[in-house]
Amino acid sequence: MKALDELTFDNRFARLGDAFSTHVLPEPIDHPRLVVASPAAMALLDLDPEAAESPVFAELFGGHKLWAEAEPRAMVYSGHQFGSYNPQLGDGRGLLLGEVYNAAGEHWDLHLKGAGQTPYSRMGDGRAVLRSSIREFLASEALHALGIPTTRALCVIGSDTPVWREKQERAAMLLRMSPSHIRFGHFEYFYYTKRPEQQKQLGEHVLAMHFPECLEQPEPYLAMFREVVERNAELIAKWQAYGFCHGVMNTDNMSILGVTFDFGPFAFLDDFDAHFICNHSDDQGRYSFSNQVPIGQWNLSALAQALTPFISVEALRETLGLFLPLFQAHYLDLMRRRLGLTSAEDEDQKLVERLLQLMQGSGVDYSLFFRRLGDEPAELAVARLRDDFVDRQGFDAWADLYKARVAREQDNTQEQRRARMHAVNPLYILRNYLAQKAIDAAEQGDYSEVRRLHAVLSKPFEQQAGMDSYAERPPEWGKHLEISCSS
Ligand code: AMP
Ligand code: MG
């Protein structure tokens, strides 16, 4: 275990120089205080969880203090936003403080979001509000607990600093961690500004730091692109299988590492709805739940364009072609597991598709359906779940197929079935209304609910004593919350 002043820095990205990022100091927020910290994220830095309680913790992550070895930098990038290229992006309110390496030899970027203005702030104030910082904190740690690749969150620091959004709010800072903060948009920036030398420097950096195994391949850049395609196919399969809607899949919000990145108006589905749009400014539904799959591929093709100086168009096209089949294979595998199936049969895809068709428009709670399906033997479970469906005859026909399918499984005692289903079907999900309740209390200065919710969501598969209310369906008001896109 290390104390806060014992972190070891190795700022590899900063060393790339001024073409890639700009030195900027954090602007402190007033009266910084700990809102919530993640002991699991602290462990990645070998930090003792107790360290979060010390005043210096809030000072460090509230922008008041800095390690001597930190080198805070705002990164430059661009990207496609809602399908249009925006040449002028970059860290407008976040700073890469430095890279810490832990006892296991892993590097973790420390990125302070809400750290004040930078050369890339455009009209923005460089701040993040408490509300959006809490949402990103809860989502990153909850996704991680579900086994979905994501950036991590170390802590949220609250303050008295006023910021103006639709109304006056308070500024906060979020300390985000990831092995890299390099986005698809980094590659696009150097491609569209026609700086081949720097683009090569970026590519070599990413290969050496994050894809060293690709350097062994005859075509390292192609191997890296293939890996990015594979990781994104798997990531998006997990989003779709678990009902996670990202909301702003712009290419500047896509991590080169294939992890969930830059949380805005995200949501987990309550009732299943393939057409769900969590981002209220997304009028066309470009980033609706079911569109995440084709948009994932679209984003990869934007990255492919930026990689044309390194890789032939034919090879890029062929590799992009792997995305959909890989996605489908991962998705079907996950959905089989959610249904308690351990073997594969040809008709399984139809079984999944038919179930989702029946759920659509029925108001069936997506997460609880799978959890309840494993609670009891298949026969009893489907009989109980039937009432949730509008088309009961349709559901009966599905249930007959499902029961027959379950009967053909090997490890089929109810105990085995429940154990394997409950291990993949969470009881607790970060529902928008749960986050909102925690935010409302935090805005009044009471952080206990954020901390409790974080603790519950860090073990989403385990039933926790006294926490039944977190596993319930949302109340009617909680299903139709408008989550502000301003953050
Ligand atoms: P986002 O929608 O959070 O992914 O941000 C898109 C771009 O806007 C990024 O370049 C951000 O750094 C920038 N940005 C968002 N909010 C602010 C803000 N309050 N101040 C300055 N820049 C911001
Ligand atoms: Mg962003």
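The structure displayed is predicted, hence computed values, not measured ones. Only this structure's heavy atoms are used, side chains among them; waters, hydrogens and symmetry mates stay out. All ligand and atom numbering here is 1-based and tracks the order in the structure.
The closest approach between Met123 and ligand 1 stays at or above 4.0 Å for every heavy atom of the residue. Contact analysis puts Leu89 in contact with ligand 1, with a non-hydrogen atom separation below 4.0 angstrom. Within the structure, the closest approach of Arg183 to ligand 1 does not fall below 4.0 Å when heavy atoms are considered. The shortest heavy-atom distance from Gly264 to ligand 1 is not under 4.0 Å.
Using a 30° and 60° split on the angle between ring planes, Tyr366 and Phe370 fall in the perpendicular class, above 60°. Between His107 and Tyr101, the ring planes lie tilted relative to each other; the angle falls in the 30° to 60° range. By the 30° and 60° cut-offs, the orientation of the rings of Tyr192 relative to His80 is perpendicular.
In this structure, Lys200 does not pair ionically with Glu197, as no charged nitrogen and carboxylate oxygen lie closer than 4.0 Å. The pair Glu188-Arg183 fails the salt-bridge criterion, with no side-chain N (NZ, NE, NH1 or NH2) lying under 4.0 Å from an Asp/Glu carboxylate O. Salt bridge absent: Arg170 and Asp30 never bring a charged side-chain N and a carboxylate O closer than 4.0 Å.
If you look at Gln88 next to ligand 1, there are no close heavy atoms at all, none under 4.0 Å. Contacts of Asn253 with ligand 1, taken as heavy-atom pairs under 4.0 Å, involve the side chain alone. Contacts between Arg127 and ligand 1, counted as non-hydrogen atom pairs separated by less than 4.0 Å, involve the backbone only. At a heavy-atom cutoff of 4.0 Å, ligand 1 is contacted by no atom of Phe261, backbone or side chain.
For ligand 1, the atoms lying closer than 4.0 Å to a non-hydrogen atom of Tyr77 are 9 (C), 10 (O). For ligand 1 and Arg165, the ligand atoms under 4.0 Å from any heavy atom of the residue are 19 (N). Using a 4.0 Å cut-off to heavy atoms of Asp262, the atoms of ligand 1 that qualify are 4 (O).
Cation-pi contact between Arg135 and Phe263: absent, since separation from the ring centre below 6.0 Å together with deviation from the ring axis within 45° is not met. Note that Arg286 lies in the cation-pi zone of Trp298, set by a 6.0 Å cut-off to the ring centre and a 45° limit from the axis.
Protein heavy atom nearest atom 14 (N) of ligand 1, with residue, atom name and distance: Arg93 NE, 4.1 Å. Summary of contacts: the protein heavy atom closest to atom 20 (N) of ligand 1 is Gly126 N, 2.8 Å. Distance from atom 12 (O) of ligand 1 to its nearest protein heavy atom, with residue and atom name: Gly92 N, 2.7 Å. For atom 13 (C) of ligand 1, the closest non-hydrogen atom of the protein is Arg122 NH2, 3.5 Å. Nearest non-hydrogen protein atom to atom 19 (N) of ligand 1 is Asp125 OD1, 3.0 Å. For atom 10 (O) of ligand 1, the nearest protein heavy atom (residue, atom name, distance) is Gly90 O, 2.6 Å.
Aromatic ring centroids of Tyr287 and His246 lie 6.0 Å or more apart. Between Phe190 and Phe20, a ring centre-to-centre spacing shorter than 6.0 Å is recorded. In this structure, Phe61 has its ring center closer than 6.0 angstrom to the ring center of Phe57.
Shown here, atom 4 (O) of ligand 1 is in close reach of the protein: a heavy atom of it lies under 4.0 Å off. Distance check for atom 1 (P) of ligand 1: every protein heavy atom is found at 4.0 Å or beyond. Distance check on atom 16 (N) of ligand 1: some protein heavy atom falls below the 4.0 Å cut-off.
Within the 2.8 Å limit, Asn253 places at least one N, O or S atom next to the Mg ion (ligand 2). The Mg ion (ligand 2) has an N, O or S atom of Asp262 inside 2.8 Å of it.
For the pair Asp91 and ligand 1, the shortest N or O to N or O distance does not fall below 3.5 Å. Ligand 1 has no N or O atom lying under 3.5 Å from any N or O atom of Ser487, backbone or side chain. Residue Gln81 has no nitrogen or oxygen atom sitting less than 3.5 Å from a nitrogen or oxygen atom of ligand 1, judged on distance alone.
Within the 4.5 Å cutoff, side-chain heavy atoms of Met359 are placed close to those of Leu356. Residues Leu66 and Pro72 have side chains in contact (heavy-atom distance under 4.5 Å, counting atoms from C-beta outward). The shortest side-chain heavy-atom distance between Val248 and Phe82 falls under the 4.5 Å cut-off.
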